[in-house]
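For reference, the structure discussed in these notes is given below.
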Amino acid sequence: MDLSFTAQELEFRDEVRDYLRANLPRHLSEKNRKGLRLDKEDYEEWHDILRKKGWLAVSWPTEHGGPGWNVVQKYIFDVECGLANAPRVVPFGFNMLGPVLLKYGSEAQKNYYLPRILSGEDWWCQGYSEPGAGSDLAGLRTSAVRHDDHYVVNGQKTWTTLGQHANKIFCLVRTNPDVKKQEGISFMLLDMTDPGISVNPIVTIDGGAEINEVFIDNVEVPVADLVGEENKGWTYAKYLLTHERTGIANIGHATAQFESMKRIVNAQTRAGKPLLDDPYFAGRLAKLEIELEAMRITNLRMVAAAAETGAPGPESSILKVLGAKIRQEITDVARRAVGPYALPYIPEAFDLDFDDPVGPDDAAPIAASYFNFRKFSIFGGSDEIQKNIYAKMGLGL
Amino acid sequence: MDLSFTAQELEFRDEVRDYLRANLPRHLSEKNRKGLRLDKEDYEEWHDILRKKGWLAVSWPTEHGGPGWNVVQKYIFDVECGLANAPRVVPFGFNMLGPVLLKYGSEAQKNYYLPRILSGEDWWCQGYSEPGAGSDLAGLRTSAVRHDDHYVVNGQKTWTTLGQHANKIFCLVRTNPDVKKQEGISFMLLDMTDPGISVNPIVTIDGGAEINEVFIDNVEVPVADLVGEENKGWTYAKYLLTHERTGIANIGHATAQFESMKRIVNAQTRAGKPLLDDPYFAGRLAKLEIELEAMRITNLRMVAAAAETGAPGPESSILKVLGAKIRQEITDVARRAVGPYALPYIPEAFDLDFDDPVGPDDAAPIAASYFNFRKFSIFGGSDEIQKNIYAKMGLGL
Amino acid sequence: MNFNHTEERRMIGDALGSWLRNEYDLDARQRAMDEKAGFSHKAWRELGELGIIGALVSDTHGGFGGQGYDIALVFEELGRALSVEPWLASGLMASRILGECGDPGGLLSDVLSGETVVALAHGEPGSGYDPRWVETTATADGAGFRLNGSKAVALNADTATRLIVSARTSGAVDDAHGVTLFVVDAASPGVKVRGYATIDGLRAAEVELTDVSVEASALIGEKDGGLGAVENALAAATLAVCSESIGIMEVALEVTVEYLKTREQFGKPIGSFQALQHRMVDVATAIEQSRSLVIKAASVFEEEASTRDAALSAAKHYIGVAGRLVGEEAIQMHGGIGMAKATPINHYVKRLIMIDHLFGDTDYHLERYAALSR
Amino acid sequence: MNFNHTEERRMIGDALGSWLRNEYDLDARQRAMDEKAGFSHKAWRELGELGIIGALVSDTHGGFGGQGYDIALVFEELGRALSVEPWLASGLMASRILGECGDPGGLLSDVLSGETVVALAHGEPGSGYDPRWVETTATADGAGFRLNGSKAVALNADTATRLIVSARTSGAVDDAHGVTLFVVDAASPGVKVRGYATIDGLRAAEVELTDVSVEASALIGEKDGGLGAVENALAAATLAVCSESIGIMEVALEVTVEYLKTREQFGKPIGSFQALQHRMVDVATAIEQSRSLVIKAASVFEEEASTRDAALSAAKHYIGVAGRLVGEEAIQMHGGIGMAKATPINHYVKRLIMIDHLFGDTDYHLERYAALSR
């Protein structure tokens with residue numbers, strides 16, 4: 001039993017760490033550390049930096065421009081990026097569509113799309129959820145009807161994260177309405193610049209607008225943009241959802257977020273006494289730190305198992321739930337820490353160069369983050385769906 | 001809005017209080033206060049005392065020997081008995097079968113059985129649950145087959161509380177196996193002295209033995225001992241279970257139990273400091289006291305509503321769950337309070353005259369109570385069943 | 001024993017309830033928030049005319065109510081509508097302080113009619129939730145005083161024409177004795193007010209006081225003896241937000257149950273899934289228990305401060321926990337749609353959670369309860 | 001990174017596991033409990049011969065293991081079988097103290113073989129969970145000492161032939177310095193041992209010491225410097241019961257899941273009800289997290305005391321909470337049958353819950369963790 005990384009792995013970690021220290025722009029890490037919002041330029045700047053280093057499409061094989069890392073390396077990279085408050089790589093092209101094309105795409109699709117993902121020429125978003133198909137993803141209704149060499153697609157997608165920046169969307173669509181719902185779904189690639197596609201932002205509870213509704217009105221999709229076989233889309237969708245689940249708990253980001261929160265907590269006094277002298281508050285913080293450390297080890301155990309067996313088991317569902325809960329709890333403790341100063345909502349304070357804060361440093365986005373982070377237990381398979389999965393796959397119920 | 005009782009009600013409360021002060025034997029209240037076990041003589045002694053006063057069968061009308069109280073009076077009596085650490089009246093005859101006979105029994109049954117319940121000549125127990133029919137009570141299999149003027153009953157009942165003291169058992173039995181399960185059940189009165197009935201104690205997690213299995217082997221039951229109509233037993237069973245639910249949270253006993261626990265807590269020091277100086281412990285105690293007070297008001301609200309409308313609504317399910325939880329939590333705080341002294345298990349310490357305790361006063365039964373009290377969320381309709389009911393009846397889900 | 005309000009109170013509640021239902025849906029609320037003041041002066045005056053503000057103050061102090069049950073009744077209705085008008089700041093706290101301490105400027109009747117908005121500027125950047133912690137000083141200056149200090153997150157202080165400012169005239173920074181109250185014109189030299197929206201739809205402000213001169217007549221109540229009136233006002237406000245939470249939680253429950261009944265996934269209403277059912281029962285239970293504690297707190301509101309405050313702390317602590325449960329479950333059960341600002345539930349949840357940050361959070365009140373109940 | 005035990009440890013674990021599976025079912029356990037000692041001397045000696053006790057002590061101290069991972073591995077297996085033998089008292093705490101402090105009486109080899117049972121008598125009626133609180137005194141008496149005081153809930157002290165007694169030779173009642181350890185013959189005049197069963201199946205005793213004379217040679221370790229060895233032994237015991245809890249919780253999960261699959265109500269296995277499914281996932285999650293914290297605590301067990309103790313407190317706190325969840329849910333899901341002593345689950349739950357009462361409960365360890373991690 002040995003919880004530490006091997007010398008080789010530690011060397012790799014140090015390489016990543018050094019690289020991030022030298023190359024991660026401070027204005028990006030500061031935005032993340034403070035919980036501020038990133039814009040399109042921020043993401044692209046970070047993508048450009050990683051691309052130069054060859055670390056952008058981490059799960060791709062070397063022949064397509066990936067670094068060829070193993071499970072542990074990918075995990076270490078994830079964690080280090082999180083700890084360094086690096087922006088996340090927008091996953092839709094690099095970590096979702098890419099692996100699907102690599103496994104199920106035609107040679108033509110791979111040759112055309114993968115380089116465009118890597119170069120940033122195409123910015124992809126995900127067309128999975130629909131207004132009527134959330135947890136019941138397979139209940140989707142967007143239809144694709146074949147006409148000669150193309151499909152005509154009609155429907156609506158929703159919760160499309162960062163869809164406002166995308167020029168491409170991969171969609172699950174119904175190609176056969178007459179069979180069991182999972183068996184009539186296909187996986188297609190659509191062009192967002194098509195006049196039949198319109199995007200509406202959804203303003204969220206925290207006042208942010210990074211998710212969208214996407215309306216699809218008579219959009220023609222060439223048969224060449226069908227991925228794999230018609231009506232086999234559910235298989236590809238599931239592959240996408242369970243791919244690379246070792247990073248699902250976001251331990252690096254959670255740890256960085258915890259450290260940011262702790263910094264805020266440490267700076268608070270109430271009526272002349274350090275906040276941490278309040279035993280209830282100290283207890284809250286300690287509990288969370290313990291839960292976080294437990295999750296870190298639980299995640300390592302899963303990575304070690306995946307490194308041995310090649311694929312993470314059903315415990316990735318547990319980690320999804322834990323990861324969401326812990327990140328939510330961190331925002332909860334943070335909002336408590338600043339007391340009445342959780343109340344002010346000053347939109348300009350979400351900009352990095354805002355220099356006239358109300359209340360304690362970094363207090364401005366705290367309440368908004370608390371509300372925004374509710375999404376972690378909803379998106380990517382809600383807690384309820386994860387528990388259904390684990391009850392079945394993990395416990396055999 | 002007025003949370004206090006009327007002058008009349010207060011007068012009644014004082015009457016009950018004075019009566020209990022003068023007539024409740026100290027050895028009985030001490031057993032209850034300390035959480036010790038009551039034997040048959042203890043119950044009968046208390047029954048005798050209440051019988052003399054006319055307060056034994058509190059839900060019966062005056063013509064059958066009840067006191068003729070209204071909802072509020074019955075509630076006050078319940079609470080005061082609990083606060084005084086009086087033994088509970090063994091409910092099976094007085095508060096369960098009695099009301100069923102009053103509503104559904106034949107004149108002959110009323111005339112024969114009610115006096116015998118009241119006099120103590122018959123000690124009843126309840127034959128509802130079966131090994132295969134717990135939460136799914138209607139799934140019971142004990143069969144009763146009609147032969148001329150009698151039924152022949154075969155089967156097994158379980159979780160029969162205090163069945164070892166009883167000479168009578170009322171049972172739900174299946175008289176028609178060919179219809180929807182609720183529609184083939186009858187309600188019958190069996191004689192425990194019949195040689196076909198045998199009783200086995202079930203030793204419980206705390207080492208106690210107040211519940212039993214009851215085996216029924218070819219017992220002949222005269223048709224005269226069928227209550228109401230054949231195959232209508234489910235209606236009577238439900239009536240019994242929902243009757244007099246205003247006392248379901250046991251607020252009086254819970255409050256007395258809380259006070260006993262608080263007395264123990266107040267006496268504890270750890271490493272020279274009062275236990276209550278520990279903020280975590282003080283917080284636990286405060287939370288529980290708040291929850292208890294909330295439940296008291298919630299219960300009063302239900303009593304007031306029942307007094308207006310004649311019957312408690314579905315919120316009695318909430319009170320059942322709350323009452324169980326709070327009584328369990330009290331034992332949990334108590335076990336924490338005595339620290340390592342929760343461990344000793346000295347069977348003699350369950351006797352009132354045991355005078356050589358280990359550790360703090362009254363510590364002996366604490367851990368056993370903690371385990372024993374797990375039953376509160378299981379018996380009488382488990383938490384899960386109550387939540388199913390409230391989801392349907394209270395929330396319309 | 002009777003859990004019905006008196007006839008008179010029911011009439012107030014009905015009047016308020018039907019006005020809000022007719023005039024104050026979430027769109028109207030948004031328009032109110034979009035006004036410069038962050039609330040609707042028109043609504044405020046209309047509700048003043050209806051007597052609702054007056055119901056929050058006793059008849060000896062110029063109103064015609066002001067008891068615990070009055071506050072509970074009014075704020076529960078306000079919670080259901082998420083009214084953003086200056087109820088807490090002006091309608092409740094300022095009016096009760098003016099009523100209790102005397103009202104030399106003759107402000108109270110205009111406050112109760114909704115004509116004038118007065119705000120309480122008491123909490124400070126360093127005070128947390130401790131009402132005794134007052135660093136702001138008032139030093140004698142001829143016949144009057146000179147005020148210096150900072151006040152934090154003062155509700156509606158950006159719109160109020162007058163501020164009730166607490167300042168230390170003697171004692172250590174956390175002494176109960178030595179706090180004095182002044183009525184300060186918000187336009188006085190040296191008063192700097194920085195207003196902002198709060199995340200739950202209200203307005204508040206940071207108030208900087210730099211050598212602000214006030215005359216002796218600005219002092220209200222007794223010199224050095226002002227804290228009691230502030231604590232009384234905070235007690236009223238605590239009861240108010242607890243009651244407001246009840247209204248909010250009831251709506252959250254209703255809306256969520258309705259959603260569970262209508263939203264279908266996997267071919268059936270999601271409300272038919274047992275895991276969600278049981279969690280909704282827990283939510284409903286927490287609301288019933290919360291309501292009971294608020295009834296209790298209202299019932300002892302006129303008793304001595306230690307009794308009153310123990311009951312208030314019990315309620316506020318419990319609602320801090322219950323509010324979080326109810327709010328978070330409401331969003332989780334709504335799923336993605338619950339995250340959208342256009343979905344009504346999110347406004348309710350934001351207010352519900354942020355009430356934990358007003359007048360002492362759940363930890364503060366648990367600690368206070370434990371101390372008061374020992 | 002590797003979460004597999006070494007080959008050597010796996011062999012120990014397999015030997016212990018298969019011995020327990022073959023020789024020690026719950027009936028055998030009950031028979032052991034029914035013996036006068038409250039455990040099976042035979043089993044104890046056999047396991048001693050198998051080397052399992054020796055695995056708990058380092059080679060420099062007479063054993064051949066004794067690291068955090070050794071303790072974790074052995075006690076997880078013991079937890080699965082609910083072994084009632086004197087593992088904590090004699091096998092772990094006494095043996096490690098003798099190893100650390102020196103073993104003038106030459107007891108250790110007999111302790112490790114299972115021939116002799118030695119118990120630690122350290123905790124006192126007034127100490128709660130604080131290891132520093134020692135009221136028992138040892139006063140110089142010629143070349144030896146005279147001991148006076150009371151020791152509380154000393155595991156297996158009713159059977160032990162020798163007791164390791166801590167007593168204060170200097171300092172205030174809660175000083176770290178000034179505690180001295182003595183090996184005391186249980187049959188010495190003035191030693192009164194009152195043994196009793198514990199609710200979770202073990203044995204313990206109250207020990208009264210009245211003018212108990214011991215020779216100078218009875219002192220082990222350094223005069224005034226004995227607390228460190230006690231704290232080290234308690235650290236080992238804390239890791240042990242955390243690991244034992246993991247074994248117990250795993251069994252509780254397995255047994256409960258199995259019950260959920262087979263028990264039918266309403267015409268289907270109750271494990272098909274979503275509310276129970278989701279709760280079982282919470283249970284499983286709590287177990288996974290507990291296991292992770294125990295691995296962590298084992299991994300830093302040889303590091304400096306503050307690092308070791310922070311990790312132990314994290315684990316013990318968390319397991320106090322998780323154990324309660326797992327235990328209470330296991331009974332609740334079993335329904336009535338879970339209340340019956342004849343149902344295996346109840347023995348597991350009793351032990352699991354009572355572990356919270358050994359070596360510091362969940363509150364104690366949260367507080368200690370918060371203090372150590374600041």
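Here is the naming used below: chain letters follow the sequence lines, and residue numbers restart at 1 for every chain.
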Do [X] and [Y] pair up side chain to side chain, a donor and an acceptor below 3.5 Å, judged on atom types alone?
X	Y	answer
C/Asn4	B/Glu308	yes
C/His278	B/Asp383	no
B/Glu289	C/Tyr369	yes

Answer with side chain, backbone, both or neither: which region of [X] has an atom nearer than 4.5 Å to a non-hydrogen atom of chain C?
X	answer
B/Ser4	backbone
B/Asn299	neither
B/Leu322	side chain
B/Val321	neither

Value rounded to 0.5 Å, distance of [atom1] in [X] from [atom2] in [Y]:
X	Y	atom1	atom2	result
C/Arg291	B/Ile297	CZ	CD1	13.0 Å
C/Arg279	B/Lys387	CZ	NZ	11.0 Å
B/Glu293	C/Leu293	CD	CG	7.0 Å
C/Gln277	B/Lys392	CD	NZ	10.0 Å
B/Asp2	C/Ser299	CG	OG	8.5 Å

Within the structure provided, determine whether [X] and [Y] are in side-chain contact (heavy-atom separation under 4.5 Å).
X	Y	result
B/Arg301	C/Ser292	yes
B/Leu395	C/Leu253	yes
B/Glu291	C/Tyr318	yes
C/Thr285	B/Glu315	no
B/Lys287	C/His317	yes

- Message: With a 4.5 angstrom heavy-atom cut-off, is it the side chain or the backbone of C/Asp282 that approaches chain B, or both, or neither?
- Response: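 Contact with chain B is through the side chain of C/Asp282 alone.
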- Task: Side chain from CB out, backbone as N, CA, C, O: work out which of these in C/Phe3 comes under 4.5 Å of a heavy atom of chain B, or both, or neither.
- Result: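 Both parts, backbone and side chain.
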Taking atom [atom1] of [X] as the centre, does the number of heavy atoms from other residues, nucleotides or ligands within less than 6.0 Å exceed 12?
X	atom1	result
C/Glu254	CD	yes
C/Arg324	CZ	yes
B/Glu11	CD	no

- Query: Do you know which of C/Glu367, C/Lys261, C/Met280 has the most heavy-atom pairs with chain B at a distance under 4.5 angstrom?
  - Reply: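 Top count of heavy-atom pairs under 4.5 Å with chain B: C/Lys261.
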- Only one of B/Ile318, B/Ile290, B/Thr298 forms a side-chain contact (heavy atoms from CB on, under 4.5 Å) with C/Gln289, so which one is it?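 Among B/Ile318, B/Ile290, B/Thr298, the one meeting side-chain contact (heavy atoms from CB on, under 4.5 Å) with C/Gln289 is B/Thr298.
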- Message: Out of the candidates C/Ile270, C/Leu276, C/Val257, C/Val281, only one should pair with B/Leu397 under the side-chain contact (heavy atoms from CB on, under 4.5 Å) rule; please name it.
- Response: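 Looking at C/Ile270, C/Leu276, C/Val257, C/Val281, the match for B/Leu397 under the side-chain contact (heavy atoms from CB on, under 4.5 Å) is C/Val257.
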- Heavy-atom pair count under 4.5 Å with chain C, highest-scoring of B/Val72, B/Leu276, B/Val303: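 Winner by heavy-atom pair count: B/Leu276.
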